Amino acid sequence: MAERARAGGAPARPASYLNGLNPEQRDAVESIDGPLLVLAGAGTGKTRVLTARVAHILSQGRAYPSQILVVTFTNKAAREMKERIHSMVGDAVEGMPWLGTFHSIGVRILRRHYELVGLRSGFTILDTDDQIRLLKQLIAAENIDEKRWPARMLASAIDGWKNRGLSPENVSPGEGAAFAHGRGQMLYAAYQARLKALNAVDFGDLLLEGIRLFREHPDVLADYHKRFKYLLVDEYQDTNVAQYLWLRLLAQGSKNVCCVGDDDQSIYGWRGAEVDNILRFESDFPGAKVIRLERNYRSTGHILAAASHIIAFNEGRLGKTLFSDGETGEKVAVTGSWDSGEEARAIGDEIEALQRSGHALSQVAILVRASFQMREFEDRFVTLGLNYRVIGGPRFYERAEIRDALAYLRCVMSTADDLAFERIVNVPKRGLGDVAVKQIRDVARASGVPLQEAARLLAESEELKPKLRATLRGLVQSFDRWREQAGHTKHSELAEIVLDESGYTDMWQKDRSAEATGRLENLKELVRSMEQFENLQGFLEHISLVMDVDNGAAEDAVQIMTLHSAKGLEFDTVFLPGWEEGLFPHQRALDEQGKAGLEEERRLAYVGITRARLSARIYFASNRRIHGMWNSTVPSRFLDELPDAHVEVQESKGGFGWGGSGGGAYGASRFEKTEPFTSTYATPGWQRAQTARAASSDPSSRGGYGAGKGSGRGGPLVIEGTLLASSIGGESAFTAGERIFHIKFGYGEITGIDGNKLTVQFDKAGEKRVLESFVEKV
DNA sequence: GAGGTGGCGACCGAG
DNA sequence: TCGCCACCTC
């Protein structure tokens, strides 16, 4: 973070990137010849080492930027590394075309040699959604009951095989038999054949086909050996077998391969990651040097101690001892609350307090185990008027409107893209429903042509009723017209033309639902971002692999994300809600992976705690809604694994619940609550009573409950925010009867005004009370 | 063919 | 509880 080498060609002070490195880090940066494994604990400056190492290689003149391969797992990591290298060596980083995720580099390689693996130029990359639809068709064609053997299940099986580097012929018969009475392997083969026919690949193929390419064409591989003088791999503990094979093939050239990883942060076992890869490194690369980074620069003493203590419960680990010279700082706070709503309220209040004391919101993160936990916080923060940002979530590319728009463009680009055509023939609705599509498909099969050509044939035949025939002909002609325009129109303009003329934009403009505005916004964003690309092809690639929602990165907002996507990041203050058995550790991890699953969950806990620089705050709730039903929960076993000396147990600051428990009524497990929370007391009704009592007896307590959301949510309705409203006061800019738009609930009409709070009858969401600042006039 | 309704399973995690 | 899908009616 610190150094900023001003480099105009060559750095002014050649070794400035070495400033401030400790001896081990410096060793890792300078040992550039031969294989190197860096075991880097959390917060030990691993990214810093990687970037300084690249700077070192460049400044020593050992390689051109284009001769260094740097592989990361996430786009975020790739982006960050690019920025940091840039700040060290200046513009040279522009020429680092081989810095990216496994998948983006994989596709880059395939694009250069597509003909060698049986693909044609401009092949498309399917995502999970396309995959499922395709598999559904195959399953149906085999007359297999989709209810009993869902496509999703087959997709994950195939994914698993691909993660392990297995093509259909390599799947062991026993395993292949696991799906639909022995037809799994056959379906996998059929799926691959279908992909080839569609000129498409899925995510797994991006690596698998690369491996095949290297194996079957040694000359191509030799070429890459010559090209890549240095290889660097981030998060090595997360590589799966396919990634490992792919890497090993490439690394056999120069042998200057540097892998950085931490076995304690391996959290991707479920997608085939093999911690063994890290243990195997020394035998794979004889003479490999191993460097351990154990000095932690991130977290204060108590946090580090708590994390180290918890991870020590794992058995299968290489074992590292993290230490730091820093201050002991704040103890790790553990807070119990009555239910998930109170948990969200307590965290919201604490964040507001932090904000008041000048803490930047962007330095606060809430890390959840499962994404459904996020909603509660979003609801709460909308009510409080707290800026937040959800990281991860549904990706830009996965949104329906974006996928529709892209499908249109794919159809323009290629008449052979059946999946894209099927997706949009009847979007917007134009009367070409299931029956029509089936007819098109029949023609396609009979004449051996793609769907778009079949549609053309059908439109010219007498098969269809005149009205439908005209519609279909119109569509086919539109595509012909757009295709013709594509030759001489800027691609972003073409996209606008296509979206307008197809009636797609219109469809959303007519839609009055809450999401419609956002969708139109997204479409605009799509067109805008196209302008940065030279052609449609390059854009389509980028969006399927790289593009994520990254708007407003600079704004000051609380970050909400899963523990998985938090790896590699750090924050001053980290909130860790939902530490309950079944949720964390997650039941499915335990059921499916047993002890290994538990250990992976524990590593996830370790990752979570070590994200914090100054303050880590853990929460558990006694009641949580699962599948819509309230369940009482048991505190996570991980809470018991925290070291007493570094933990401070608190009561919920939410103001409610826990009312009578008097300073921690902990049972056998410190966190197992006793009397007031058993049997009859453990009901939402009792809780409501408690809440109401707390509110009435404590005038300073904030009317914490959100905006009348109590309706149907088990929360109290009585204590609504008069206090909050009157404390802020002021004239409202709105009048009753006005139409408004709310960012979360959509359109509605104002029925009442109370200070800065409005009562609104929403078109879709019913009556709610909302803060004025979240509402705009329409 | 479109739109509505009722039953059912999901809610773990990345590209 | 929510969203998806199959099934039903117009």
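Quick caveat, the model's predicted, so the values are computed rather than measured. In what follows, chains carry the letters A, B, and so on, assigned in the order in which the sequence lines appear, proteins first and then strands, with residues in each chain numbered from 1.
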Quiz item: Under 4.0 angstrom, heavy atoms only, what part of the nucleic acid is A/Phe102 near: base, sugar-phosphate, or nothing?
Solution: nothing

Closest of B/dG13, B/dC11, B/dA2 to the A/Ser371 side chain is B/dG13

When rounded to whole Å, the CG to C1' distance for the pair A/Asn631 and B/dA10 reads 14 Å

Q. Could A/Arg317 and A/Glu599 be called an ion pair, given the rule that one side-chain N must be under 4.0 Å from one carboxylate O?
A. no

Point to revise | Electrostatic pair A/Lys46-A/Glu235, nearest N-O below 4.0 angstrom | key: yes

* Phosphate OP1/OP2 of B/dA14 contacted by A/Asn163 side-chain N/O (<4.0 Å) -> no

Considering every strand and a 4.0 Å limit on heavy-atom distances, what is the contact class for A/Glu601: base, sugar-phosphate, or nothing?
nothing

Of B/dA14, B/dG13, C/dT1, the nucleotide closest to the side chain of A/Arg625 is C/dT1

From CE of A/Met153 across to C1' of B/dA10 the rounded distance in Å is 14 Å

A/Arg375 has its side chain closest, among C/dC5, C/dC2, B/dG1, to C/dC2

Checklist entry - A/Arg588 side chain N/O closer than 4.0 Å to the phosphate oxygens (OP1, OP2) of B/dC12? => result yes

In whole angstroms, the gap separating P of B/dG13 from CG of A/Asn240 amounts to 19 Å

Winner on side-chain proximity to A/Asp159, out of B/dA14, B/dA10, B/dC12, is B/dA14

To the nearest angstrom, the NE2-P distance between A/His586 and B/dC11 comes to 10 Å

Measuring to OP1 and OP2 of C/dC5, would you say a side-chain N or O of A/Lys136 lies under 4.0 angstrom away?
yes

note: A/Trp270, atom CH2; B/dG13, atom C1'; distance rounded to Å ~ 4 Å

(Q) Would you say the base of B/dA14 stacks on A/His564 (centre-to-centre below 5.5 Å, plane angle below 30°)? (A) no

Requested in this report: Check step by step if ring pair (Phe, Tyr, Trp, His ring centres under 6.0 Å) holds for A/Tyr268 and A/Trp270.
Outcome: CA-CA 5 Å; A/Tyr268 285 105; A/Trp270 51 273; 5.5 Å; yes

Exercise for review: Run the numbers on A/Ile139 and A/Tyr191 for side chain to side chain contact (heavy atoms under 4.5 Å, CB included), then give the verdict.
Suggested key: CA-CA 10 Å; A/Ile139 289 171; A/Tyr191 170 70; over 6 Å; no

Contacts of A/Ala589 and A/Val435 projected onto DNA chain B by closest heavy atom; the upstream (5') one is A/Val435

With A/Asp234 as partner, the option from A/Thr74, A/Leu50, A/Thr101 fulfilling side-chain contact (heavy atoms from CB on, under 4.5 Å) is A/Leu50

Side-chain atoms of A/Thr562 come closest, of B/dC12, B/dA10, B/dA14, to B/dA14

Requested in this report: Classify the nucleic acid contact of A/Asn426 as base, sugar-phosphate or nothing, counting any heavy atom under 4.0 Å across all strands shown.
Outcome: sugar-phosphate

Separation of B/dG13 atom P from A/Arg602 atom CZ, nearest Å, is 21 Å

Would you call A/Asp202 and A/Lys162 a salt bridge, using N to O less than 4.0 angstrom? yes

Atom CD1 of A/Ile440 and atom P of B/dG1 are separated, to the nearest Å, by 10 Å

A/Leu590 CG to B/dG13 P, in whole Å, measures 16 Å

By nearest-nucleotide position on DNA chain B, the 5'-leaning member of A/Gly269 and A/Leu432 is A/Leu432

